[in-house]
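Predicted model only: the values in this text are computed from it and were never measured. One is the number of the first residue; the rest follow in order along the sequence.
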Amino acid sequence: MKRLLIALASLTLSATAQAAGGGPLPFSYEADTSNLASLQRGARNFMAYCSGCHSMKYLRYNRIGQDLEIPEALLKANLMFTSEKVGDHILTAMPGENAKTWFGQTPPDLTLETRARGTSWVYSYLKTFYVDPSRPLGVNNLVLAGASMPHVLADLQGWQVKKAVAEGETPAAGKAPVLELAVPGSLDAEGYDQFVADTVNFMAYAAEPGKSHRIDTGIRAILYLLVLLTLAYLLKKEYWKDVH
């Protein structure tokens with residue numbers, strides 16, 4: 001039984017903490033879905049840069065507005081590009097067959113992406129695109145080699161290249177290649193890191209919109225039970241105080 005638990009734990013860790021090639025992920029990131037400002041920025045980022053190709057078909061616009069405290073007027077003006085009804089699911093306007101022709105496959109729905117791969121995987125993926133002339137779109141990715149997605153955030157991050165290995169130097173086994181910025185983007189490194197963090201944060205929220213409410217309810221329930229336990233203990237002491 002103990003060996004089975006260890007094996008299951010190993011499989012879980014390898015699924016969430018390793019890159020597609022089997023090595024460790026270049027970056028680690030833990031989402032904070034209680035950070036409302038970050039989630040609002042992440043929603044803006046996703047709708048502006050991702051929703052043209054990717055859907056979130058298990059999430060509705062009005063759920064975003066409700067959870068992230070975004071008024072309906074602002075929701076319609078700034079986040080709704082593929083629908084006019086706030087009760088609609090978030091679907092992409094890109095036809096699936098055309099997308100398959102252009103990119104080699106239909107861009108996946110991203111509602112549950114962070115639950116399937118882990119937040120560190122998505123965070124690392126968005127930070128490790130690099131120039132690769134051998135690829136059809138001119139870029140590749142350290143986390144998902146041969147990815148068919150173009151580097152849609154290149155204007156923000158800039159263009160990265162693999163750092164050249166010095167003559168006589170051997171790359172460390174199992175260590176991801178080092179990327180260096182060849183052409184700067186409109187954001188500095190810190191600004192781009194924040195952009196990616198906010199985007200992944202929103203994706204983590206989208207995968208489980210009720211998580212913060214569930215945790216808050218759980219904390220309230222535990223506090224309520226602790227109060228009842230205290231009262232029950234005091235009542236017990238009162239009843240039994242004269243019993244010797």
Side-chain angles (χ1 to χ4, degrees), residues 5 8-9 11-18 25 27-94 106-127 143 193-229:
L5 291 175
L8 289 174
L11 287 173
T12 302
L13 287 174
S14 63
T16 58
Q18 300 227 336
L25 290 170
F27 304 99
S28 177
Y29 178 73
E30 184 175 350
D32 177 13
T33 54
S34 65
N35 188 335
L36 189 61
S38 174
L39 293 178
Q40 292 171 344
R41 293 192 300 267
R44 174 203 62 193
N45 298 346
F46 183 89
M47 295 304 174
Y49 288 91
C50 308
S51 64
C53 298
H54 297 280
S55 62
M56 276 192 170
K57 62 184 179 182
Y58 302 112
L59 185 64
R60 297 178 187 271
Y61 289 102
N62 56 359
R63 180 62 190 265
I64 294 177
Q66 176 185 339
D67 290 344
L68 306 191
E69 300 180 8
I70 302 173
E72 186 173 309
L74 289 178
L75 190 71
K76 288 182 175 180
N78 299 289
L79 299 181
M80 293 180 58
F81 305 132
T82 61
S83 177
E84 295 181 352
K85 298 179 181 179
V86 294
D88 286 347
H89 292 90
I90 301 173
L91 303 176
T92 178
M94 178 179 290
T106 303
D109 179 84
L110 297 183
T111 318
L112 303 175
E113 191 72 7
T114 56
R115 294 194 70 177
R117 296 185 182 271
T119 53
S120 292
W121 191 97
V122 180
Y123 183 83
S124 296
Y125 176 74
L126 293 176
K127 281 174 59 68
V143 174
D193 288 350
Q194 185 63 60
F195 181 96
V196 174
D198 291 336
T199 306
V200 177
N201 221 19
F202 172 72
M203 291 176 63
Y205 150 78
E208 192 176 355
K211 181 178 180 180
S212 295
H213 177 72
R214 173 171 54 79
I215 292 175
D216 183 62
T217 301
I219 292 173
R220 291 172 183 269
I222 291 173
L223 292 175
Y224 178 72
L225 292 173
L226 287 175
V227 171
L228 285 183
L229 176 63

Heavy atoms, side chains only, cut-off 4.5 Å: are [X] and [Y] in contact?
{"X": "Tyr58", "Y": "Arg63", "value": "no"}
{"X": "Met203", "Y": "Leu110", "value": "yes"}
{"X": "Pro209", "Y": "Leu59", "value": "yes"}
{"X": "Leu39", "Y": "Asn35", "value": "no"}

Check: Can you name the salt bridge (charged side-chain N to carboxylate O under 4.0 Å, His left out) partners of Asp109, sequence neighbours left out?
Finding: none
Going from [atom1] on [X] to [atom2] on [Y], what distance comes out if it is rounded to the nearest 0.5 angstrom?
{"X": "Leu36", "Y": "Tyr205", "atom1": "CG", "atom2": "OH", "result": "10.0 Å"}
{"X": "Tyr61", "Y": "Met80", "atom1": "OH", "atom2": "CE", "result": "6.0 Å"}
{"X": "Arg220", "Y": "Leu225", "atom1": "CZ", "atom2": "CG", "result": "14.0 Å"}
{"X": "Leu126", "Y": "Trp121", "atom1": "CG", "atom2": "CH2", "result": "8.5 Å"}
{"X": "Thr33", "Y": "His213", "atom1": "OG1", "atom2": "NE2", "result": "13.0 Å"}
{"X": "Leu25", "Y": "Ser120", "atom1": "CG", "atom2": "OG", "result": "6.5 Å"}

Note to self: We want to know whether Asn62 and Gln66 form a side-chain donor-acceptor pair, criterion being a heavy-atom distance below 3.5 angstrom.
What the structure shows: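 Checked: Asn62/Gln66 side chains show no N/O donor-acceptor pair below 3.5 Å.
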Donor-acceptor contact below 3.5 Å, side chain [X] vs main chain [Y]:
{"X": "Thr199", "Y": "Gly42", "value": "no"}
{"X": "Thr111", "Y": "Ala207", "value": "no"}
{"X": "Glu72", "Y": "Gly65", "value": "no"}

Margin query: If the test is side-chain contact (heavy atoms from CB on, under 4.5 Å), which one of Thr119, Thr114, Asp193 qualifies with Tyr29?
Written below: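 Of all the options given, the one that passes is Thr119.
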Note to self: If the test is side-chain contact (heavy atoms from CB on, under 4.5 Å), which one of Arg60, Lys57, Met56, His54 qualifies with Ile90?
What the structure shows: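 Between Ile90 and the candidates, side-chain contact (heavy atoms from CB on, under 4.5 Å) is satisfied uniquely by Met56.
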Check: How are the rings of Phe202 and Phe46 set relative to one another: parallel (under 30°), tilted (30 to 60°) or perpendicular (over 60°)?
Finding: tilted
Check: So does Glu30 have more than 12 non-hydrogen atoms from other groups sitting under 6.0 Å from CD?
Finding: no
